[in-house]
Every structure is written in C-alpha cells, then in structure tokens.
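Reading through the structure tokens given below for one structure.
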Amino acid sequence: MGSNDGRMDRRDVIKAAGAAGTAGLVGLAGCSGGGGGGSESEYPALGNYPIEGDTATFGFNVPQSGPYASEGEDELRAYELAVDHLNNGGGWVDTQFDDLSGDGVLDYEIDSVTGDTATDADQARQSASRMIQRDDVIMITGGSSSAVAISVQGLCQDERVMFMACLTHSNDTTGVDCARYGFREVFNAYMTGQALAPVVRDEYGEDLEFYQLYADYSWGQTQQESMNQFLTETAGWSQVDSVATPLGTSDYSSYLSQAANSGADVLVLNHYGLDGATSVSQAVDAGLDEDMEILLPLYNRPMAEAAGGSIEGVFGTVAWDSQIDNTPSEEFTQAFQDEYDRIPSGVAQLAYAQTLQYAAAVERAETFYPPEVIRELEGYEYDNIGMGPETMRACDHQAQRAVPVVRGLPESEQQSGQYYELINLTSRDDVGYACDEGPAAECELGEYGDE
C-alpha cells in the first residue's frame, strides 16, 4: 500500500557499484547475518549490520521519567504492540502493510530493549549509545522532546544506525539538524502554524494582539517562531512579547501575571506534556481565560486529560486522533483498545507507525543494510496509517501529511477518552513547503555511509 518508483533500478545500480568498488569490504561482513535474508552477504559491515543470529533488536528510547513521562508510557505500549504484531501478526501488519508477513522481518524474530531518556538530551544520548554498543540494536526509535530526538538522531548518524523519530515537533529535526539516518513522520512547528493560524483567525477575527510563553529549548523556540510568523502573516495579528520558560516549570504564576498585564487578546502557550497541562490549568485558574483567548499549539490526549476542564475551547494541533474517520485509524484504535483497554493517543500512533514503516522498508530492501533501507524510505508514498496520502520526502526526511486541528471540550462533555473535538483535518496540500524553503532550506542530510 505504498510505492517508491524506480526503487529496483536504483538498487541494481548500487549493487553493481558495490560489486565493483567494495568487494574487499564485503568480505569483512561475511555471512554472519542469520535469519532468512539471503542477500545479507552482499553488503559491507556498517553500524550494527550484519545482524548475528536470528533475532533483530530494536531500541525504544522514551521518557519514562520527567515532564513527558505520560507520553513515554503510551509510546512504549505502542512499541510493544508493534513488536507483537511483527512477530505474530495482527493490526496493520495483517491489513495495511502488504510488505509485512507477521512472521518476523526477513525471517528474523524482532526483539527490543528500552531506555529512559528522562526528557533529557544527555541522558537520552547515553541510553541510545548503550543500546548501540551493548545491545547491538539495528534501529532506534523514540522521542517526545525534540532536544532528545535531535541528540539521538545525531548519534545514530555517526554510528550508522537508523533513527525513526517518534514525537519531535521542532523545525530543526528535519531542518538544520536533519540527518540521513533519521526520519520523521509527525509534522513540525512550521506546519502547525500553517494549519492553526487560519482556523483561529476565522474564529477570533483579525487585528488581535498575542503574547507567547514557550519552553526554552529547540522545540519551544521554533514553535514560538512559527506561531509568530503565521499568526502575523496569515491571521493578521501582532505579537506583544514572547517569553521563554524553563522545561519542567511547575509554577507559571509570574509568567502568567506578566501575560495578563500585557494587554494582549490571545495567550499562546508553547508548552507540552505535563508542562502544557500545568500552564493551561494555571492560566485558567488565574482567570486569564476571562479576558484572553488561550492557544496550546501542540497537545495530545494525556495532556488534555490532565488539564481536565481547563482545556475547554482551547485550539491546538495533535499528531493523530481516533476521531479521524478512516479504516486504518479504526483498526489501530481497535487493536490498541483490545490490548490495553484504553484509547490510543497520537503519540502511540506515531510509535506504532514508525516501527512498522521501518520494518516494511527492510522487507522491500530485502536487507537490514542501512543505506538500502534509507533509500527505500526516501520518496516513499503511502496511505496506510490513518492520515491520508503521505510522502516521506527525500530531501529532508520529513513526512508530507495532513495536520489535525482540535478544540478542547467542556469537562461535562469529556467522556470515553475524548477530551477535544476534531475541528479540521488540514490537507497536506495546505501545509508544507518546498525543499528550498522553510526549515528544509537549512537541511543537509549527510552521507549514506556506503559512498
């Protein structure tokens, strides 16, 4: 249920070049890769390739502590479900991914190891390094903090181990900090600004003034820049001020007091995870919603649940939601509910999708050799994960996809795991940018490693 035109021709050319120019290196790899991937000896040793034995190990590096721990819990649930389905069938493996068999990947059984990023870039990098050096992982996935994702992505590029980013929303992930060995399914801050600005303009009108608070790291910085750009250009609003707040802030009262005294019509809270739930709740408790509209540009189900009634009327974007009415979304929601008796979040959908996308690319490449898997993903077109037609763009490894815009429900209407209503599924035709524009203009992917 996807395509990558010209894939076979390109692979044939690469193999021919490898036979002529890397014959000596191929001998280093030997035939130690087990399983059923019969072509494994055709490529040189690179990163943790070739795989020894008959088990391929994935590394799940997620926040199990820190302000994004709730997101990490849902990521792990989805990762474990993906491994189960890869090995035993079920879910999208049976219905949406024609390349997958439900009997492992290239006849290798899939195993996994986990790590705690603690929502900290240094700890995340150390955890990922252990996975690479000690556990011989062939792929790492995870995230929830863009600082974490960018740090791990850079390590994976250096170590020649693929990184399938889960939740990372900073423009920099597929912009200035992009990497050949990293791929991102979720949209970025730039696309959130494009999707959200026309909705709030139509809802609240033009010629308004807005005040921003933002988490002081890569994501928050690029998020507030993108909101400033599109609220100004598209909505016709003007920014009064933009103030940084430390990640993990528990008391926003002084920041909110300044915002309340600014005279602005709209408060934009560029916070995520527990920080986002805390800041929006404290803003409402302080009565700011009586004189200002509140925006939370990026949020999710765990955040909205934690915020409760404070999320009422608050616009934002989410990675995915079970309210999206199509077959893949319904199938994933059902599979996740059957396993965990809970509705999955957008973070869970990203984790599940990225794991299966990597595995399917391995099957199409007929090898775990990273450069071949990368080439299978570059320019790949698909429509099987609930977000409509998508392209994994080759120039920056950023998925071109739709963006869901949501608005929080009153507490009296929050039931059965629904905390917000889906306002608009903004088409990928209405968001995005060319390869020489926006964040992509700063992207230099680096080498495949087999040049």
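Bear in mind the structure is a predicted one, so any value in this text is a computation, not a measurement.
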Is the F368 to Y108 ring centre distance short of 6.0 Å? yes

Can we say E444 and R180 salt-bridge, meaning some charged N sits less than 4.0 Å from an Asp/Glu carboxylate O? no

Taking C395 and C443, which are both Cys, do their SG atoms fall under 2.5 Å of each other? no

Supply the atom-to-atom distance F187 CZ to T192 OG1, rounded to the nearest 0.5 angstrom. 4.0 Å

Parallel, tilted or perpendicular: which describes the rings of F332 and W320, with under 30° parallel and over 60° perpendicular? perpendicular

D321 side, atom CG; L422 side, atom CG - distance, nearest 0.5 Å: 6.5 Å

Assign the ring pair Y299 / Y420 to parallel, tilted or perpendicular, where the plane angle (0 to 90°) is split at 30° and 60°. perpendicular

Aromatic ring proximity Y352/F336, centre distance under 6.0 Å: no

Ring centers of Y448, Y181 separated by less than 6.0 Å: no

Sub-6.0 Å ring centroid separation between H169 and Y272: no

Interatomic spacing from CZ in R428 to CE in M387 - rounded to 0.5 Å: 11.5 Å

Value rounded to 0.5 Å, distance of OG1 in T222 from CH2 in W219: 8.5 Å

Salt bridge (charged side-chain N to carboxylate O under 4.0 Å, His left out) involving R160 - partner list, sequence neighbours excluded: E447

Would you please indicate if the ring centroids of Y190 and Y433 are separated by under 6.0 Å? yes

Ignoring hydrogens and angles, state whether a donor on the side chain of N270 or Q212 is under 3.5 Å from an acceptor on the partner side chain. yes

